[in-house]
Number of protein chains: 2
Amino acid sequence: MTRGGAEMDVHAHDDKLQSSSDAQILRAAKVKNHRALIEATLKTLAELGYANASVSEIIKRAGLSRGMIHLHFGSKNKLVSEAAKHASERYHAFLEHCLERAGPRAQDQLEAIVKHDLSEDVLNATSVRVWYELRGAIYFQKELASFSDTRDERLRCILFRLFKDLSLRYGDEDTAKEKAEDVTFAFLALMEGMWNDYLLHQGSFQRAKAKRSVFRILKTLFPDHFDLEGAKPA
Amino acid sequence: MTRGGAEMDVHAHDDKLQSSSDAQILRAAKVKNHRALIEATLKTLAELGYANASVSEIIKRAGLSRGMIHLHFGSKNKLVSEAAKHASERYHAFLEHCLERAGPRAQDQLEAIVKHDLSEDVLNATSVRVWYELRGAIYFQKELASFSDTRDERLRCILFRLFKDLSLRYGDEDTAKEKAEDVTFAFLALMEGMWNDYLLHQGSFQRAKAKRSVFRILKTLFPDHFDLEGAKPA
DNA sequence: TCAAAAAATGGACGATTGTCCATTTATATG
DNA sequence: CATATAAATGGACAATCGTCCATTTTTTGA
């Protein structure tokens with residue numbers, strides 16, 4: 001943290017001779033505007049989509065002037081990257097929070113993940129739209145991949161561990177491992193598919209139905225550990 | 001079909017006095033160019049995404065001149081709509097073909113749907129990218145929804161019928177219906193999630209693994225009718 | 001309090017967007 | 001073959017894009 005936090009790194013046209021000491025100075029207004037730009041970017045992505053999220057629309061929502069994007073981030077693409085990073089970190093942090101709050105058993109942790117992914121904090125019009133747009137934009141703005149990739153990989157690892165833990169109660173090591181692999185893959189696809197469905201049918205999407213649907217799959221896979229409401233009580 | 005096929009409807013600035021008889025004349029070159037524009041649009045969407053699929057890029061791929069889009073479709077948005085319609089119909093037609101070819105049992109039909117959705121004809125870089133881009137674009141080009149909506153609804157009905165058919169072998173009418181509802185919902189989400197995953201990890205995506213994953217879920221739900229390879233033989 | 005430094009502004013810039021139309025080219029019919 | 005009509009062309013057009021920078025405004029420190 002000697003450099004005062006990476007988030008304050010203003011773009012450097014020639015970053016060979018970064019005038020060291022100056023970087024320490026943090027003015028409150030600057031960091032506020034920095035964040036305002038990121039929030040405005042996410043807002044714009046949600047409201048207009050990546051294709052229509054222009055500099056003009058972003059600064060309009062941020063209530064700042066045109067030059068601020070170049071000043072703070074160097075380019076619009078880099079701003080979008082920072083916004084993606086921010087959104088990813090926020091998702092991740094909330095997920096960790098939910099996992100910590102939940103019980104220690106594998107089925108409790110899994111229930112927490114399902115309920116997290118279908119909660120109004122995560123599955124809402126803004127977040128899901130942003131997620132969809134940024135995902136699509138990875139294709140022609142490769143650096144966006146890094147954020148979602150690390151997060152997805154971490155979630156995948158957690159899920160695999162939990163599913164393997166449960167699967168071992170139903171069979172031997174080898175079959176449990178194979179089962180856990182398949183179920184992890186399917187579970188991730190299932191949750192992402194739910195997000196897609198939410199995006200497409202925001203008016204008629206029913207959280208309760210979605211939840212019951214997921215838990216029915218889990219109940220069928222692990223009948224001793226789940227029912228249609230979630231993890232079975234101890 | 002008296003008007004020579006709706007696809008030849010050139011935009012009409014004032015369509016009050018459509019000079020009837022002229023519409024009959026179909027020149028081969030015209031319909032060819034019409035199709036070329038639609039194919040070029042899909043190609044551009046796949047290669048550059050919705051955000052970068054400009055008129056210039058589309059006509060470059062079609063090998064035609066700038067004015068053709070306005071001449072044939074009236075506007076770029078209408079061209080994109082027609083392209084979406086075309087892609088949707090192609091998907092639908094191929095699915096129906098697969099269903100007809102498959103055996104009559106519910107498990108055979110379901111196996112056909114899974115294999116169709118994960119086949120190289122459907123799950124390929126071009127088609128999936130186009131699907132993703134058009135889906136996202138629905139948000140700010142509402143008319144795009146109509147095509148995917150009707151198709152999705154039809155698929156949903158087919159799936160529900162098949163799943164209910166199977167579920168009845170495992171329980172009474174009421175529980176079977178509820179199970180079928182949940183499974184239909186989950187199955188659709190699962191397949192869409194697979195498409196998402198394919199899009200994001202085209203390099204490492206494994207069809208076989210995806211297929212096994214889906215069939216494992218189906219096997220767990222309907223153990224008498226599926227194994228890890230697909231429908232159980234008779 | 002006042003010069004120096006940092007931060008923010010808003011317009012200029014060339015490039016590109018989608019739309020449209022005056023021409024040109026190709027085809028069909030008398 | 002000549003003429004009418006359909007089809008295709010490619011540039012003009014205003015609007016908007018992202019980038020950048022000469023200014024102005026604000027804050028800092030002696």
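Side-chain atoms are counted along with the backbone in the values below, which use heavy atoms only and exclude waters and symmetry mates.
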Nucleotide [N], atom [atom2] - distance to [atom1] of [X] in whole Å:
X: B:F73; N: D:dA7; atom1: CZ; atom2: C1'; result: 14 Å
X: A:I58; N: D:dC17; atom1: CD1; atom2: P; result: 10 Å
X: A:K30; N: C:dA8; atom1: NZ; atom2: P; result: 7 Å
X: B:L71; N: C:dT23; atom1: CG; atom2: P; result: 18 Å
X: B:K32; N: C:dT27; atom1: NZ; atom2: P; result: 11 Å

So does A:E39 pair up with A:R90, basic N to acidic O under 4.0 Å?
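A:R90 and A:E39: salt-bridged.
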Is it true that [Y] and [X] share a donor-acceptor pair across their side chains at a distance under 3.5 Å?
X: A:Y139; Y: B:E133; value: no
X: B:E82; Y: B:H86; value: no
X: B:Y132; Y: A:N196; value: no

Going by the side-chain hydrogen bond (donor to acceptor under 3.5 Å, both in side chains) test, which pairs reach into residues 52-63 of chain B, not counting sequence neighbours?
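Qualifying pairs: B:E47-B:R61, B:S56-B:R66, B:E57-B:K60, B:E57-B:R61.
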Under-4.0 Å side-chain N/O to phosphate OP1/OP2 contact, A:H72 with C:dA8:
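Yes, such a contact exists.
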If you compare every side-chain N and O of A:N33 against the phosphate oxygens of C:dA7 (OP1, OP2), does one of them come in below 4.0 Å?
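Negative; the distance criterion is not met.
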Nucleic acid footprint by protein, nucleotides 10-19 of chain C - heavy-atom cut-off 4.0 Å, B for base, S for sugar-phosphate alone
BBB----SBB
Heavy-atom side-chain proximity of B:L134 to B:V80 below 4.5 angstrom
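Sidechains of B:V80 and B:L134: in contact.
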